Amino acid sequence: MKLMVIGSGGREHAVIRKLKESPQVETIYALPGNGGIAADAVCVDIGAKDIDGAVRFAKENAIDFAVVTPDDPLVLGMVDALEGAGVPCFGPDKKAAIIEGSKVFSKNLMKKYGIPTASYEVFDDAEKALEYVKTAPLPTVVKADGLALGKGVLIAQTREEAIEAVKSIMEDKKFGASGDQIVVEEFLTGPEVSVLAFTDGVTVKPMVSSMDHKRAHDNDTGLNTGGMGTVAPNPYYTKDVAGVCMETIFKPTIAAMAAEGRPFKGCLYFGLMLTPDGPKVIEYNCRFGDPETQVVLPLMESDLLEAMTACRNGTLDKTDVRFSDKHACCVIMASNGYPESYEKGYEISYDAGIKAQVYVAGAKLEDGKLLTNGGRVLGVTAVAENLPEAIKAAYADVEKVHFGNAFYRHDIGGLALKALEN
Ligand code: AMP
Ligand code: GLY
């Protein structure tokens, strides 16, 4: 089969590497991919949001199956356009992708169907929102309704910060039209767990759980980022917790989307918090997480392409989805300054003997050299029998990767290790 994968991050590189293991795959095109992905796929200079370009390319090249990975093209309706042109896709259509595209939609969905989440109020009027946060309990969480590059969530510790958060989103339009509406919600506490799940709109099959490390620097200091590293499985996500999540969150969400006439097919990402009152949904994403995917897919034992086509065709109940009992750790190597400004254009080199998977995110090829070209440059993922060994192996290989201005966190997996000790 000829496949095309939309996107250009470490997540897409992990998806492509895993798809290559499938005996049915002949060629994979990446739109646009990146300089590192070029080692595993044919990169095509068509942007991830270019819906017309993707449809044209798919038809001209007789693509058999398309994997639409990032949030933007999904929310914009790339799957609708491709399927409309006769190209089968993995990923939700526009109607279903709204579960990530609008926080107001997802909060109202959870309320309507009794799915546990933080209590909240919705505002489309800045004055009313400001009035409300003057008396809301602190800390308080202010979220822009729409996509905001993962930055649309502001946690206000003080009254002043809450007022500032509302003003920046609704009046100064920090996230553009994404801030026309906001959700103000209760601050929850507890360990966070990411669960990615395959679903065909009826059946849901969760993948192995994972733990992201969102802050830029060690000990969870610094700014929020897209994610600086992950481990899988997440030790807080015990069998008991998984059972509760399945019955109170996963199945009810899939059923709710179907009941709303928006059946979700693809990978649904459940961002969960294990609160003292039980697991609650912090957010839904309509796609694979990054860097969660960089630890989850290396642990997948069954065939990824089969799972993806089953999600599309409604046959997930009959499809084998299996993960190993091993552990994975991914350390993201970034450009110093990320998530704000950073320099790029430094050559990336590897010492011999790297055993980990290196998934490239922000790099380009120039005259045969791989140069840094983004904030998150690459992820180094090691798999081992237990978590301490996976962490050790990942960091051992991080030492073998070199580029100018590199930085990474030194404590990925630390919280998970502590949880295992208790
Ligand atoms: P999101 O962009 O929705 O993933 O939110 C970013 C981060 O903000 C989450 O990973 C949580 O750590 C935190 N967060 C979001 N909502 C809440 C909440 N209601 N209570 C506490 N923390 C939250
Ligand atoms: N790592 C969080 C996300 O992909 O949204």
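Whatever order the structure lists them in is the order used to number ligands and atoms, beginning at 1. Remember, it's a predicted structure, so these values are computed and weren't measured experimentally. Throughout, numbering of the chain's residues begins at 1 and tracks the sequence. As a basis for the values below, the full set of heavy atoms in this structure was taken, side chains included, without hydrogen atoms, waters or symmetry mates.
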Atom indices of ligand 1, in the order listed, that fall short of 4.0 Å to a heavy atom of V141: 16 (N), 18 (C), 19 (N), 20 (N)
Any nitrogen or oxygen of G289 lying under 3.5 Å from a nitrogen or oxygen in ligand 2? Just yes or no. no
Using a 4.0 Å heavy-atom threshold (strictly under), name the region of E192 that reaches ligand 1: side chain, backbone, both or neither. side chain
Could you tell me if any non-hydrogen atom of F288 lies under 4.0 Å from any atom of ligand 2? no
Is the closest N or O pair between E292 and ligand 2 shorter than 3.5 Å? yes
Hey, does N224 come in under 3.5 Å of ligand 1, counting only N/O atoms on both sides? no
Atom 4 (O) of ligand 2 has as its nearest protein heavy atom D290 N, 2.9 Å
From the candidates L188, L272, I282, the one that places a heavy atom nearest atom 20 (N) of ligand 1: L188
Side chain, backbone, both or neither: which applies to D212 and ligand 1 if a contact is any heavy-atom pair less than 4.0 Å apart? neither
For atom 5 (O) of ligand 2, what's the nearest protein heavy atom and its distance? R287 NH2, 2.9 Å
Polar side-chain atom of D411 near backbone of G414 as donor-acceptor pair, under 3.5 Å: no
Does V153 reach ligand 1 with a nitrogen or oxygen that is under 3.5 Å from one of the ligand's nitrogen or oxygen atoms? no
Taking N234 for the side chain and E192 for the main chain, is one N or O donor matched with an acceptor at less than 3.5 Å? yes
Enumerated ligand 1 atoms positioned under 4.0 Å from heavy atoms of K143: 15 (C), 16 (N)
Hey, can you pull the donor-acceptor pairs under 3.5 Å for the side chains in residues 161-168, sequence neighbours left out?
| residue | atom | partner | partner atom | Å |
| --- | --- | --- | --- | --- |
| E161 | OE1 | Q157 | N | 2.8 |
| S168 | OG | E164 | O | 3.4 |
| S168 | OG | A165 | O | 3.0 |

